[in-house]
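Here is the structure we will look at.
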Amino acid sequence: MDETRVNHVKIGAAIELRRVSRDYISETGASVRTPALDDVDVTIERGELVAVCGPSGSGKSTLLHVAGALDVPTDGEVFVDGWSLGGKAP
């Protein structure tokens, strides 16, 4: 077993988001922050079926990208199968 992993904390849920926020910064000269997620807590237990619903632009895709480790949160922490994915973006 590879012992080089660090900052992995075991928890019980299949997917857990703790106080997750994700902001996007405009690349136009103004440097405007647009929040897509703001202090979100979600716990999905093993075997649980969950649907994410909401209007266009409400953060559904961002939530799934962060929970699926395709994106990193601006703040907060994500756990998948009990392992921390490392927390916020640099």
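What you see is a predicted model, and the numbers here were worked out from it, not measured in a lab.
Side chain of Asp41 to backbone of Arg19: a donor-acceptor contact under 3.5 angstrom is found.
Asp71 contributes atom CG, which lies 11.5 Å from atom CG of Leu85 (distance to the nearest 0.5 angstrom). Taking OG1 from Thr62 and CG from Leu70, the interatomic distance works out to 11.0 Å, rounded to the nearest 0.5 Å. The distance from the CZ atom of Arg18 to the CG atom of Asp75 is 14.0 Å, given to the nearest 0.5 Å.
Hydrophobic clustering places Val80 together with Val52 (ILVMFWY residues linked when any side-chain heavy atoms are closer than 4.5 Å, directly or through intermediates). Both Val50 and Leu64 are assigned to one and the same hydrophobic cluster, defined by single-linkage of ILVMFWY side chains at heavy-atom distances under 4.5 Å.
Inter-residue side-chain proximity for Val66 and Val40 is flagged as unmet; no heavy-atom pair is nearer than 4.5 Å.
Closest approach of Ser21 to Asp39, counting heavy atoms only: OG-N, 2.8 Å. Leu37 and Asp23 get closest at one heavy-atom pair: O-OD1, 4.3 Å. Nearest heavy-atom pair across Arg22 and Thr74 is CA-OG1, 3.3 Å.
Remark: Ser58 pairs with Pro55, Lys60 by the side chain to side chain contact (heavy atoms under 4.5 Å, CB included) rule, at least two apart or across chains.
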